[in-house]
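One structure is given below, encoded as structure tokens.
Residues: numbered from 1 along the sequence shown. Everything numeric here is computed off the predicted structure, so don't read it as measured data. Numbering of ligands and ligand atoms starts at 1, following listing order.
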Amino acid sequence: MRNTLATQPIFELSRTGRRAAVFPASDVSERPLEALLGKGALTESLPELPEVTEPDVIRHFVNLSTLNMSVDTHFYPLGSCTMKYNPKRHERLARLEGVGDVHPYQCDEDAQGMLAMLFELQEMLAEIAGLPCVSLQPAAGAQGEFTALLVAAAYFRDRGEKRTRVIFPSSAHGTNPASAALAGFETVQMKPSKTGLVDLDELRSLVDGRTAVFMITNPNTLGLFERRIGEIAEVVHAAGGLVYIDGANMNAILGVTRPGDFGGDMMHYNVHKTFTGPHGAGGPGAGPIAVRDFLGDYLPGPIVSRKGSPPAAAGGTACFSLTTPSKSIGRMRSHFGNVGILLRGYFYLRTLGAEGIRSVTENAVLNANYLKAKLADVLPAPHGETCMHEFVGTAAAAKRRGVTAMDLAKRLLDYGFHAPTVYFPLDVPEAVMIEPTETESKETLDAFAETVARILNEPAELVKSAPRTTTVCRPDEVKAARQLVLRWTPNAVESVAGATADAGR
Ligand SMILES: *Cc1c(COP(=O)(O)O)cnc(C)c1O
């Protein structure tokens with residue numbers, strides 16, 4: 001049922017004098033605040049707060065909290081984003097008093113426990129990457145890319161090499177060319193290839209003495225493992241360039257293979273994807289990077305270093321400290337990065353251990369292949385027999401009878417599924433990119449597959465007018481982005497709607 005009350009700003013519920021709690025009359029004589037605090041401590045006018053009852057407040061926020069889909073409420077197969085379930089245990093651990101209340105300005109000696117955890121996280125990320133030097137600073141994958149490219153630029157500058165180009169496949173995530181441009185490089189995009197994998201001949205023709213970095217996601221954004229990654233890295237290295245591995249798809253290779261082992265020189269992690277940091281809604285992320293030893297001196301600081309053995313064994317002497325690498329590019333962010341998210345990743349890794357990490361990947365790949373096979377008739381995947389942790393199907397057949405990938409995505413909302421990623425990567429027509437993750441059961445995957453098949457059999461007009469059960473139904477996308485309607489009126493929601501049907505609510 002559509003919840004109109006929750007779309008009303010709380011200020012519009014305000015009635016002068018309404019209160020959640022009313023205190024009894026005071027039995028001591030009143031004195032003006034000014035006399036107690038001094039005039040300087042008071043504002044000239046009272047803050048404009050909504051005046052509402054307790055039920056008003058509770059209903060407002062509880063209803064608001066139900067408007068969005070989340071991994072805690074629905075299956076969320078958003079390709080490329082790894083929306084896996086975030087275990088609540090790690091939320092609890094990250095909030096423990098001795099963890100959540102540590103202040104970033106506490107001196108190293110007083111924060112040994114926190115530094116120990118961050119140090120161990122650096123070590124674990126180095127091990128999983130097969131790359132020894134780690135910086136926890138970047139706040140997201142995109143900032144990790146940017147940071148690593150600045151590291152590469154500093155490295156080449158130091159060597160007196162003028163390398164100006166960054167090359168990437170056509171299926172690359174948009175952040176790759178954006179980061180390269182922001183870091184001052186010229187961007188070179190490869191042509192879409194028939195196999196969905198990097199065309200080595202084309203790569204050879206593009207790589208030369210101007211090449212600074214080749215950026216590649218492995219498995220790539222089609223969910224395919226670049227089997228010739230070793231040869232790809234050789235081509236880049238032979239010309240003196242560096243290989244950057246976009247680690248957003250690490251969920252597919254954890255504990256099975258390592259970027260450092262297949263030729264990567266630098267990479268980022270998305271802790272909020274691979275290691276269950278909650279994400280979405282513009283909240284904090286974490287994008288630590290790992291690099292080869294010869295790039296370690298350029299990393300942003302501070303980095304947690306260890307001297308000797310941990311405090312208990314060393315009779316209370318602090319052994320973890322914050323250091324800045326000798327040729328550091330400087331800070332990328334305040335303090336050590338988004339520690340709250342980094343810690344959730346730390347607890348996740350400590351909970352699972354080495355074997356658990358590998359089983360994450362095995363189950364993520366199994367779930368994706370199961371779903372890919374289940375959907376083969378309705379959303380065939382144009383590339384590859386076997387996928388990794390995600391796959392890209394095409395709704396091109398449905399489009400011929402008027403139902404687009406976008407229509408399907410919208411209609412899925414009516415059935416209680418978050419929409420998959422659509423129209424990415426760009427080389428697949430009517431792309432539907434699905435990533436089930438390892439945290440979903442067979443029953444959920446079956447229900448999803450049956451629902452997709454059912455929707456593609458529904459009359460086109462019905463699918464095209466979806467969603468019908470959400471608060472805002474089918475806004476005209478351009479109009480909704482440019483003419484924001486923030487004030488609630490019974491007609492406001494409909495005023496931005498295009499072909500919204502009112503039936504069924
Ligand atoms: C998500 C993603 C990024 C960007 O990461 P953010 O953490 O969102 O900044 C880069 N590349 C790929 C392939 C991704 O899926």
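Here CD1 of Ile434 is found 5.5 Å from CG of Leu379. Values are rounded to the nearest 0.5 Å.
With a 4.5 Å cut-off on side-chain heavy atoms, Val478 and Asp476 count as touching. Pro278 has its side chain within reach of Glu91: a pair of non-hydrogen atoms, C-beta onward, lies under 4.5 Å apart. Side-chain contact check for Arg165 versus Leu206: every heavy-atom pair is 4.5 Å or farther apart. Proximity of Phe214 to Val207: side-chain heavy atoms (C-beta onward) are nowhere separated by under 4.5 Å.
Glu234 is linked by a side-chain hydrogen bond (donor to acceptor under 3.5 Å, both in side chains) to nothing, counting only residues two or more places apart in sequence or in another chain.
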Do any nitrogen or oxygen atoms of ligand 1 lie under 3.5 Å from a protein nitrogen or oxygen, and which ones?
unit_1   : atom_1 : unit_2 : atom_2 : d
ligand 1 : 5 (O)  : Asn270 : ND2    : 2.9
ligand 1 : 7 (O)  : Gly141 : N      : 2.8
ligand 1 : 7 (O)  : Asn270 : ND2    : 3.0
ligand 1 : 7 (O)  : His272 : NE2    : 2.7
ligand 1 : 9 (O)  : Gly141 : N      : 3.3
ligand 1 : 9 (O)  : Ala142 : N      : 2.8
ligand 1 : 11 (N) : Asp246 : OD1    : 3.3
ligand 1 : 11 (N) : Asp246 : OD2    : 2.6
ligand 1 : 15 (O) : Ser80  : O      : 2.9
ligand 1 : 15 (O) : Ser80  : OG     : 2.6
ligand 1 : 15 (O) : Lys273 : NZ     : 2.8

